[in-house]
Amino acid sequence: MAIASPSAPSFSASSFCCRRTESTRLPRSLRFSSCPVLTRPNGFVTRPVTHRPAIVSQLNASSTPSDGELMYELKHSYRRRKGPWPVYVTLPMDVVGPSAQTMKRKKAMAQSFRALAAAGVEGVVMEVWWGLVEREIPRTYNWQGYLEIVLLAQRFGLKVRAVMAFHQCGSGPGDPFWIPLPQWVLKEMDKDPDLACSDRFGRRNIEYISLGCDILPILNGRSPIQVYADFMKNFRDTFRLFLGGIITGIQVGMGPGGELRYPSCPSQKLTRAWRSRELGEFQCYDKYMLASLNACAGEIGMREWANGGPIGASNLMQDPENTDFFKTNGSWNTAYGEFFLKWYSGLLLLHGERICQEAKSIFRGTEINMSGKVAGIHWHYGTQSHPSELTAGYYNTSIRDGFIPIARMFGKYGFSMCCTCFEMQDVEEKQINAVSSPEGFLKQLLVAARICDIPFEGENSATNLDDESYQQVLKMSKFYSDGLETPSFSFNFVRMDKNLFESRNWVSFTRFVRQMSGINIFRAKLNFGGDDATLSSPSAAAYAGAVAAY
């Protein structure tokens, strides 16, 4: 049963101890330094820039910026510089078959890669699905379809970013892009339902294994962290000849959608227009999460805080002000609220620590750029409590910066940070939800990345972008990169399909690639007024081939 804290004794939340969370003292090997050193995957340490920019940030989450006004103001002492910002294109989710045995639509893929290369795209993003590669039997992997993709990229001079996708794709068997967790893992979940995350209503989410059992041997004698590590080791050994040359980046999945978060809201809901009504549910009711919460509450002598998450935090209420926990003066800003949110977000941060530590060790010496992804949860950013961020595991409110610890953790292990929302504008989102602010959310995240001196990978949320959306991407890219010599910025366009190669979309996309890269690789003039569409560059054949292939 959920619990409340109407008359809890006051205490300093910074003083209590909890063995398993970031909110308290971690083992020395897992503690954060105040000034993280950026260690690259090859083992070398990036030395600080001689003239570092002074970064001044001011957060006012509850206010609405006027035209041209930045909620964060970046001030620096040396010349601004633009780009180049390489662009990658994410491949279709069904680019390989159900058994990962072969690459699908080989002719279309070849023509598409040719066109992308001609347009000046740096490379492709390849999602490597755990549920396909290790589908039936533990430690039995099938990489054949992904090997074909890497060889095709090599043929056309494209780089590859591989995503270690340890999560479910799609909403169910009826979804055309349905990819569940491995069958042998689902069998273990059938035996022990608590391996799945659970909310206070007992609803279980099987998009990702519960963080509460990260280091417990619940998968045929191995822990989830060990299983993820074995998967990455086999990937490294299989693709060793391509690492650092063709495969230049690896993004490690850390939660639903590949993002470091709890499944507070089912992923399929996050793509719907009315997602802004979802406060989300705290995912802390499986027996493993409850055991961790119980231990932490016991250590500070508050057993009454050990039975579950807070009451009065229902996602059935569209307005946070109508909830006891999330309202402006709600219990989120009490001693109990601070205890619970530090434990909840700390366990998420510890999960990220464990995966980053494994990945760094596995790919050390391969000259691979590692990255992790943060969810772009912006729909209650203009409130005091930021409820949808809190339920996802981000302890970020109007009085607390929850993204600096995440950026610091990524920086500690030499990881870049990735996030979506780059094409989204406040003026449009506020028409749906007045307290939504994708720009405010993203600017706070970008400032955290700059402060912690880590590279950033941007992404778009919507599949098809118009010229105005592309300009918004450029604006947010510039916000991060202006004045910085290091670290770097790049952009993942999500995603490639036949619509990308439609004439108007293709013209807009290639113009965007030119603007991002800062060089005029693709000098195309298309005349769609007549029967024949012509390109004035050598990419004409590549573009026509991609269109015909679809």
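Scope of the values below: all heavy atoms of this structure, side chains included, with no hydrogens, waters or symmetry mates. The first residue in the sequence is number 1, and the count goes up from there.
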Check: Q168 side chain, G170 main-chain N or O, donor-acceptor pair, under 3.5 Å: yes
Derivation of the side chain to side chain contact (heavy atoms under 4.5 Å, CB included) call for V473 and F493: CA-CA 10 Å; V473 172; F493 175 82; over 6 Å; no
Short side-chain donor-acceptor distance under 3.5 Å, Q444 and D401: yes
Minimum heavy-atom distance Y285-G309, with the two atoms named: OH-N, 2.9 Å
Heavy-atom side-chain contact between S210 and M289 under 4.5 Å: yes
F340 and P310, any side-chain heavy atoms less than 4.5 Å apart: yes
Contact check, side chains of C418 and Q251, non-hydrogen atoms, under 4.5 Å: yes
Pairwise distance SG(C197) to CG(L211) - rounded to 0.5 angstrom: 6.5 Å
Considering all heavy atoms, the nearest L186-P180 contact: CD1-CB, 4.0 Å
Step-by-step side chain to side chain donor-acceptor pair (under 3.5 Å) determination, D192 to Y288: CA-CA 11 Å; D192 183 1; Y288 302 106; 2.5 Å; yes
Sidechain-backbone polar pair: S198 side chain, D286 backbone, donor-acceptor under 3.5 Å: no
Point-to-point distance, once rounded to the nearest 0.5 Å, from OG of S264 to CD1 of I377: 5.0 Å
Note, K327 side chain near D324 side chain (heavy atom, < 4.5 Å): yes
Donor-acceptor contact below 3.5 Å, side chain H380 vs main chain E389: no
Interatomic spacing from CG in L290 to CG in N307 - rounded to 0.5 Å: 8.5 Å
Residues forming a ring-ring contact (aromatic ring centres under 6.0 Å, His included) with W129, sequence neighbours excluded: H167
Note, F339 side chain near L293 side chain (heavy atom, < 4.5 Å): yes
From F422, F491, W85, residue fulfilling ring-ring contact (aromatic ring centres under 6.0 Å, His included) relative to F512: F491
N/O donor-acceptor pair under 3.5 Å between S436 side chain and N433 backbone: no
Lys/Arg-Asp/Glu bridge criterion (N-O < 4.0 Å) met for E127, R495: yes
Electrostatic pair K475-E439, nearest N-O below 4.0 angstrom: yes
Close side-chain approach of I250 and S371, heavy atoms under 4.5 Å: no
Y336 and W305 aromatic centres sub-6.0 Å: yes
Q515 vs Y470, side chain to side chain donor-acceptor pair (under 3.5 Å): CA-CA, chis, key distance, verdict: CA-CA 10 Å; Q515 292 173 321; Y470 283 126; over 6 Å; no
Nearest-0.5 Å distance that lies between atom CG in L446 and atom CZ in F441: 10.0 Å
Lys/Arg N to Asp/Glu carboxylate O, K373 vs E457, below 4.0 Å: no
Derivation and outcome, side chain to side chain contact (heavy atoms under 4.5 Å, CB included), residues Y413 and I454: CA-CA 10 Å; Y413 293 99; I454 60 175; over 6 Å; no
Polar contact flag, side-chain donor to acceptor under 3.5 angstrom, R161-S490: yes
Side chains of L195 and C213 in contact at under 4.5 Å (non-hydrogen atoms): yes
Side-chain H-bond candidate by donor/acceptor type, H378 with S437, under 3.5 Å: no
Interatomic distance, Y262 atom OH to L348 atom CG [nearest 0.5 angstrom]: 5.5 Å
Shortest non-hydrogen contact from F489 toward S481: CB-OG, 3.3 Å
CG/N329: more than 12 non-hydrogen atoms of other groups inside 6.0 Å: no
Y344 (side chain) donor-acceptor with T391 (main chain) under 3.5 angstrom: yes
Minimal non-hydrogen separation, K342 against Y395, with atom names: CG-CE2, 3.6 Å
Test side chain to side chain donor-acceptor pair (under 3.5 Å) applied to H351 and Y208, step by step: CA-CA 12 Å; H351 175 70; Y208 194 76; 2.9 Å; yes
T463 vs V494 side-chain heavy atoms within contact, under 4.5 Å: no
Taking every non-hydrogen atom, the tightest pair across M93 and C169: SD-SG, 3.3 Å
Check against side chain to side chain contact (heavy atoms under 4.5 Å, CB included), S292 and W343: CA-CA 9 Å; S292 172; W343 166 79; 3.0 Å; yes
Main-chain N/O of F282 paired to R200 side chain as donor or acceptor, under 3.5 Å: no
Stacked cation flag R261 on Y394, 6.0 angstrom / 45 deg: no
Parallel, tilted or perpendicular: rings of Y480 and F456 (30°, 60°): tilted
Partner residues of N464 under the side chain to side chain donor-acceptor pair (under 3.5 Å) criterion, sequence neighbours left out: none
T383 (side chain) donor-acceptor with H386 (main chain) under 3.5 angstrom: yes
Side chain S345, main chain L341, donor-acceptor under 3.5 Å: yes
Ring center gap for F326 and W332 short of 6.0 angstrom: no
Under-4.0 Å salt bridge between R204 and D194: yes
Partner residues of D199 under the salt bridge (charged side-chain N to carboxylate O under 4.0 Å, His left out) criterion, sequence neighbours left out: R203
F403 vs V447, side chain to side chain contact (heavy atoms under 4.5 Å, CB included): CA-CA, chis, key distance, verdict: CA-CA 9 Å; F403 296 114; V447 168; over 6 Å; no
Chi angles and distances behind the side chain to side chain donor-acceptor pair (under 3.5 Å) call for E321, T328: CA-CA 7 Å; E321 292 302 318; T328 300; 2.7 Å; yes
Heavy-atom closest pair, residues P263 and P256: CB-CG, 3.5 Å
SG on C419 to CD1 on I406, rounded to 0.5 Å: 10.0 Å
Side-chain (N396) to main-chain (G402) donor-acceptor, under 3.5 angstrom: yes
Charged N-O contact under 4.0 Å between E358 and R354: no
Side-chain donor/acceptor of Q226 to backbone N/O of S223, under 3.5 Å: yes
